[in-house]
Amino acid sequence: MSVAFTEVRHLKSRVGEEVALRGWVRNVRTSKTRFIDLRDGSGFVQCVVGAAEADPASYETAGQLTQECAIALTGLVQTHPKTGEPEILVKTLQLLAGSVDFPITPKDHGIEFLMENRTLWLRSKRQWAIIRIRHTISKAIRDFFDEDGFTLLDAPILTPSACEGTSTLFSTDYFHEGVAFLSQSGQLYQEPGVPAFGKTYCFGPTFRAEKSKTRRHLTEFWMVEPEMAFAGLEDVMQLGERMVKFILARVLTDRVEELKILERDVAPLEAALNLGFARMSYTESVAKLKELGSDINWGEDFGNDDETILMNAMDRPLWVHRFPKSFKAFYMEYDRENPDLAMGADLLAPEGYGEVIGGGERAIDMQYLLDQIKHHGLDQKDYEWYLDVRRFGGVQHAGFGMGLERAVAWICKLPHVRETIPYPRMMGTLRP
RNA sequence: UCCGGUGUAGCUCAGUUGGUCAGAGCGCCUGACUGUUAAUCAGGAUGUCGGGAGUUCAAAUCUCUCCACCGGAGCCA
């Protein structure tokens, strides 16, 4: 006999009806009446097992449930007398699978312990909320570019050379080639897509072998990288702003429950959604930072604390544009009005979060690019295919990359990106 | 890689003039309790004090060393 099981997320519309549920026991509180916190992946619900209402065997079983055992039950959907949320008045209850000594108890745990038990940690309410928001952001990104006429152009993960020549890369054996590197960016592979498709993007994992241990770094992280033909710096900033607002609107609409679980104050997110993003040139931002007490000098890149200082003072995301060319990638276009500046822009998230987007206009002048390649110590041979973008109809084009985990961290207001991805990879963290 | 910190029960932690310092709370087990929601209350079991070496009559405590992790820096998304 097959039973139609109801998902917890649908219970709101089933009040007064009898339903069958199955899921995992988060916690049990026993008094004469027994209370089970049930989770089925789609949501959470309290199930009440009363001596009068439940059948005797089920009532007995309810007293012996352990944390994270799996159960199936039937009962009446009613409204919680205090919270107004749907709850189940249980009639029958059956143990499906036992669970002994689940390590993550309903009390506080240290981050080391939780990271070691990441697979089990994912069952917790907070992690559930974060991963669901990540999912929604990810989906929103794809929907945004899809609706905007971009073509998905998947970039390779195994690459022959250090694309940007800046970061430390992971390497692996690769047949006769000897060695291959894990991609640190799909951008160079997007640019050749521009003459083919006009507007492209890639969205996948990227890898950096930097030995950095901060709240903003993973060795494996997801990045979305759009690229547009006939576009410049202004277009990058407009596209990025529209995309971020699209994401925010989606999360604020579809993930209300999850934001509540995280106790996320949505006012700053609503502000970011409704206000125009701020803009500041690099030169202006350095002056602002000095005002705020930073010891930064013109010509230096922002330190981690510089971004934090700057963004604690902002009520909305900020575009910082036109950086000194010296610390930007070789492919960055220079400013015709000031050749020392690169036509790049970074989007910094408010509330102390820093860079989530980095992008800009790509250099199209062949001789300039060749000089840049030389200047950065790169081998021209490795970039002939990239230079072809300029040789054959090389028009102005631009794009950006957004780190998914940093966006998730900001939107969820998390202290560290390690919770924004199901299985974080960091220096010193390779398992589970 | 550098700087700083931590490591004691399954978990979170307390525990130095070196000498009843092997402890608490939670979790777990037993029982009580008419709706609880990190339920509560009573009772019970639980240890390579991160590893190794050293000082000492005596080390969780002091020294050296190694390891692991946390926080920060640089670099970046």
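Keep in mind that the numbers below use all heavy atoms, side chains included, and drop hydrogens, waters and symmetry copies.
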For this session: Select from A:Lys328 and A:Phe102 the residue whose nearest nucleotide in RNA chain B is closer to the 5' end of that strand.
Result: A:Phe102
Problem set entry | Atom P, compared across B:rC2 and B:rU65: separation rounded to whole Å | 14 Å
For this session: Determine whether the side chains of A:Thr92 and A:Thr74 contain a donor N or O and an acceptor N or O closer than 3.5 Å.
Result: yes
Exercise. What residues form a salt bridge (charged side-chain N to carboxylate O under 4.0 Å, His left out) with A:Arg279, not counting sequence neighbours?
Worked result: A:Glu234
For this session: Send over the distance from A:Phe323 CZ to B:rC75 P, rounded to a whole Å.
Result: 14 Å
For this session: Would you mind reading off the distance between A:Gln67 atom CD and B:rC28 atom C1', rounded to a whole angstrom?
Result: 11 Å
Exercise. Just checking A:Thr66: base, sugar-phosphate only, or nothing, at a heavy-atom cut-off of under 4.0 Å?
Worked result: nothing
For this session: Could you check which nucleotide pairs with B:rA73 in any of the strands shown, counting Watson-Crick or G-U wobble with both distances under 3.5 Å?
Result: B:rU1
Exercise. With a 4.0 Å cut-off on heavy atoms, is A:Gly354 in touch with a base, just the backbone sugar-phosphate, or nothing at all?
Worked result: nothing
Exercise. How many Å lie between CD on A:Glu355 and P on B:rG74, as a whole number?
Worked result: 14 Å
For this session: Would you mind reading off the distance between A:Phe327 atom CZ and B:rG74 atom C1', rounded to a whole angstrom?
Result: 15 Å
Exercise. Who is the Watson-Crick or G-U wobble partner of B:rG10, with both distances under 3.5 Å?
Worked result: B:rC26
For this session: Find the partner of B:rU40: check Watson-Crick (N1-N3 plus N6-O4 or O6-N4) and G-U wobble (N1-O2, O6-N3) distances, both under 3.5 Å, and reply none if neither fits.
Result: B:rA32
Exercise. At under 4.0 Å between heavy atoms, what does A:Gly50 touch on the DNA or RNA strands: base, sugar-phosphate, or nothing?
Worked result: nothing
Pick out the pairs of N or O atoms, protein on one side and nucleotides 5-14 of chain B on the other, that lie under 3.5 Å.
residue: B:rC11; atom: O2'; partner: A:Asp108; partner atom: O; Å: 3.2
residue: B:rC11; atom: O2'; partner: A:His109; partner atom: ND1; Å: 2.6
residue: B:rU12; atom: OP1; partner: A:Gly110; partner atom: N; Å: 2.8

For this session: Give a yes or no on whether the ring-centroid distance for A:Phe400 and A:Tyr201 is below 6.0 angstrom.
Result: no
Problem set entry | Nearest-angstrom distance from the residue atom CD of A:Glu263 to P of B:rA38 | 12 Å
Problem set entry | Complement of B:rU61, any strand, by Watson-Crick or G-U distances under 3.5 angstrom | none
Problem set entry | Cation-pi, A:Phe277 ring and A:Arg316 (6.0 angstrom, 45 degrees) | no
Seminar exercise, completed: note: A:Met426, atom CE; B:rG71, atom C1'; distance rounded to Å ~ 13 Å
Exercise. A:Arg208 CZ to B:rG74 P: how many Å, rounded?
Worked result: 17 Å
Problem set entry | Within the 6.0 Å centroid threshold, strictly below: A:Phe113 and A:Trp121 | no
For this session: List for me each residue that meets side-chain contact (heavy atoms from CB on, under 4.5 Å) alongside A:Leu289, sequence neighbours excluded, and say none if there are none.
Result: A:Ser294, A:Ile296, A:Phe302, A:Asp306, A:Ile309, A:Leu310
Problem set entry | Rounded P spacing from B:rU17 to B:rA22 in Å | 15 Å
Problem set entry | Sugar-phosphate or base contact per nucleotide [nucleotides 31-37 of chain B; S, B, -; heavy atom under 4.0 Å] | --BSBBB
For this session: Would you please name every residue forming a ring pair (Phe, Tyr, Trp, His ring centres under 6.0 Å) with A:Tyr334, sequence neighbours left out?
Result: A:Tyr368
Exercise. Does anything in residues 11-57 of chain A pair up under ring-ring contact (aromatic ring centres under 6.0 Å, His included), and if so which pairs, sequence neighbours excluded?
Worked result: A:Phe44-A:Trp128
Seminar exercise, completed: When rounded to whole Å, the CZ to C1' distance for the pair A:Phe207 and B:rA77 reads 14 Å
